[in-house]
Structures are given as C-alpha cells and as structure tokens.
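Structure, as structure tokens:
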Amino acid sequence: MKFILFSAPVLCLAFLAILFLQSGLDKVFNYKGNMEWLSGHFEKSPLKNMVNIMVPVITVLEVFSGLFCALGIIQLLVDGSAQMGLIGAQLSTISILALFFGQRVAQDYVGAATLTTYFIISIMTVYLLWDMMPVG
C-alpha cells in the first residue's frame, strides 16, 4: 500500500530532479556556451543587459530544485515525509515561471509554450506533496 500511495509523488519528483539537475549542471559545466547562447537569445529584448545576472540566478534555482527533488524522493521513501520534496517542487515551479517569463519577454512563444507541460507537472507535484503534509 505504501508503494502505491507514494508512486505518483516519487515519479513526479524523479521527473523534476532529472529535468533540473541536468539543466542546472549543464549551465554549471558549460557556463560560457550557455552565456553565449542566452546573450544572443535575449539580444533584442529588454532583458539583454541582465543576462549576466539571470544565468547565475536560474542556475542556482535549477540546481537546488533538482537537489531538493532528489532528496525528497529519498526522504519520502525512508520516513514518509514530504518536506524536502515539497520544497523541491515549489522551487521547480518558481524556476519554470522564471524561464517562462524570459521566453515570453524574448518573444520565444514556442519555447514558452513548451514550458507549460513542465509547469503542470510541477504544480501537480506541489499539490500531491502538500496533501501529504501533516496538518497542524
């Protein structure tokens, strides 16, 4: 019964952990390439002078989102607590909103639309984990 109860939140957290650890660590290990690409992506937007600030912020958000989601899986399976996973899912939602904002401002509407699926999964994960939190 415990496995069935935790399977949806664990799978959602695994999805978010993979998504954000890969994306965040790619920005860490290929920082220069990401900076170049994003500078070009935002060169005609009002955010063009903020890329040097935005990249480190989104990198930290993504890495912490992925880490908290991964730790949340372990915590959920070990003691049934949803705290770490909930923090990870909330950080994931904030990360996606930041990415969505950037895509819309850069007028990359296809890229922004792609993020909608991730947003739905992250919100669903927040809901699933919030419902598992103790009351009081």
Side-chain angles (χ1 to χ4, degrees):
M1 180 65 173
K2 186 176 183 179
F3 176 75
I4 294 170
L5 180 65
F6 291 156
S7 64
V10 166
L11 292 171
C12 288
L13 286 170
F15 179 89
L16 294 172
I18 292 165
L19 173 68
F20 286 111
L21 284 173
Q22 185 280 323
S23 183
L25 292 175
D26 177 64
K27 287 177 182 67
V28 169
F29 294 114
N30 186 18
Y31 190 80
K32 183 180 177 188
N34 278 284
M35 283 296 292
E36 289 172 4
W37 186 86
L38 288 166
S39 293
H41 189 67
F42 287 105
E43 72 184 346
K44 296 179 183 174
S45 84
L47 300 176
K48 67 182 173 192
N49 295 325
M50 297 188 66
V51 174
N52 289 336
I53 297 167
M54 291 187 312
V55 173
V57 169
I58 197 65
T59 301
V60 169
L61 268 173
E62 287 182 341
V63 170
F64 276 98
S65 297
L67 283 174
F68 273 96
C69 287
L71 292 172
I73 294 168
I74 296 166
Q75 186 181 40
L76 198 57
L77 294 175
V78 169
D79 68 9
S81 176
Q83 284 179 315
M84 291 282 216
L86 180 59
I87 293 168
Q90 291 168 328
L91 287 172
S92 296
T93 305
I94 292 166
S95 298
I96 294 165
L97 285 173
L99 293 166
F100 182 78
F101 174 78
Q103 296 290 56
R104 295 293 298 186
V105 170
Q107 297 182 342
D108 181 359
Y109 301 116
V110 173
T114 302
L115 293 170
T116 304
T117 305
Y118 299 147
F119 183 76
I120 292 168
I121 293 168
S122 67
I123 286 292
M124 182 177 69
T125 309
V126 169
Y127 177 79
L128 288 169
L129 294 170
W130 186 267
D131 197 46
M132 296 174 73
M133 294 295 289
V135 178

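Quantities reported herein were computed from a predicted structural model and do not represent experimental measurements.
- Evaluation of the side chain to side chain donor-acceptor pair (under 3.5 Å) rule for Ser95 yields Ser65 as partners, not counting sequence neighbours.
- By the 6.0 Å contact criterion, CZ on Phe15 is enclosed, its count of non-hydrogen atoms from other residues, nucleotides or ligands being greater than 12.
- In the hydrophobic clustering, Tyr109 connects to no other residue, as no ILVMFWY side-chain heavy atoms lie under 4.5 Å from its own.
- Taking the side chain as every heavy atom from C-beta outward, Tyr31 and Pro56 approach each other to under 4.5 Å.
- Taking a 4.5 Å side-chain heavy-atom cut-off between Ile, Leu, Val, Met, Phe, Trp and Tyr, the cluster of Leu128 extends to Met124.
- Screening residues 87-105 for salt bridge (Lys or Arg N to Asp or Glu O under 4.0 Å), with sequence neighbours left out, gives no hits.
- Note: the hydrophobic cluster containing Ile94 also contains Val60 (ILVMFWY, side chain heavy atoms under 4.5 Å, direct or indirect links).
- Residue pairs meeting the salt bridge (Lys or Arg N to Asp or Glu O under 4.0 Å) criterion with at least one partner in residues 12-37, sequence neighbours excluded, are Lys27-Glu62.
- A chain of hydrophobic side-chain contacts below 4.5 Å, direct or via other Ile, Leu, Val, Met, Phe, Trp or Tyr residues, connects Val10 to Met133.
- Of all heavy-atom pairs between Val105 and Pro46, the closest is CG1-CD, 3.7 Å.
- Under the 4.5 Å side-chain heavy-atom criterion for Ile, Leu, Val, Met, Phe, Trp and Tyr, Leu19 and Phe64 are members of the same hydrophobic cluster.
- Here CD1 of Ile58 is found 7.5 Å from OG of Ser23. Values are rounded to the nearest 0.5 Å.
- Residues Leu129 and Leu13 have side chains in contact (heavy-atom distance under 4.5 Å, counting atoms from C-beta outward).
- Taken together through direct or relayed side-chain contacts under 4.5 Å among Ile, Leu, Val, Met, Phe, Trp and Tyr, Ile73 and Leu71 form parts of separate hydrophobic clusters.
- The distance from atom CG of Leu91 to atom CZ of Phe68, rounded to the nearest 0.5 Å, is 6.5 Å.
- The shortest heavy-atom contact between Leu86 and Val126 is CD1-O, 3.8 Å.
- With sequence neighbours left out, Gln75 forms a side-chain contact (heavy atoms from CB on, under 4.5 Å) with Asp79, Ser81, Gln83, Met84.
- Counting all heavy atoms, side chain and backbone alike, Leu16 lies closest to Cys69 at CB-SG, 3.7 Å.
- Within the structure, salt bridge (Lys or Arg N to Asp or Glu O under 4.0 Å) pairs that include any residue of residues 115-134 do not occur (at least two apart or interchain).
- Screening residues 110-120 for side-chain hydrogen bond (donor to acceptor under 3.5 Å, both in side chains) gives no qualifying pairs among residues at least two apart or on separate chains.
- Taking the side-chain contact (heavy atoms from CB on, under 4.5 Å) definition, one finds that Met50 meets it with Leu47, Met54, sequence neighbours left out.
- Residues meeting the side-chain contact (heavy atoms from CB on, under 4.5 Å) test with Ile123, sequence neighbours left out: Thr93, Phe119.
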Side chains of residues 96-103: which donor-acceptor pairs under 3.5 Å do they make with residues two or more places apart or in other chains?
from, atom 1, to, atom 2, distance (Å)
Gln103, OE1, His41, NE2, 2.8
Gln103, NE2, Asp108, OD2, 3.4

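- The two atoms that bring Ala70 and Ala17 nearest to each other are N-CB, 3.9 Å, heavy atoms only.
- The cluster map of Ile, Leu, Val, Met, Phe, Trp and Tyr, joined by side-chain heavy atoms under 4.5 Å apart, puts Trp37 and Val55 in the same cluster.
- Of all the heavy atoms in Val51 and Ser39, the pair that sits closest is CG1-OG, 3.8 Å.
- Annotation for Pro9 and Leu76: closest pair CB-CD2, 3.9 Å, computed over non-hydrogen atoms.
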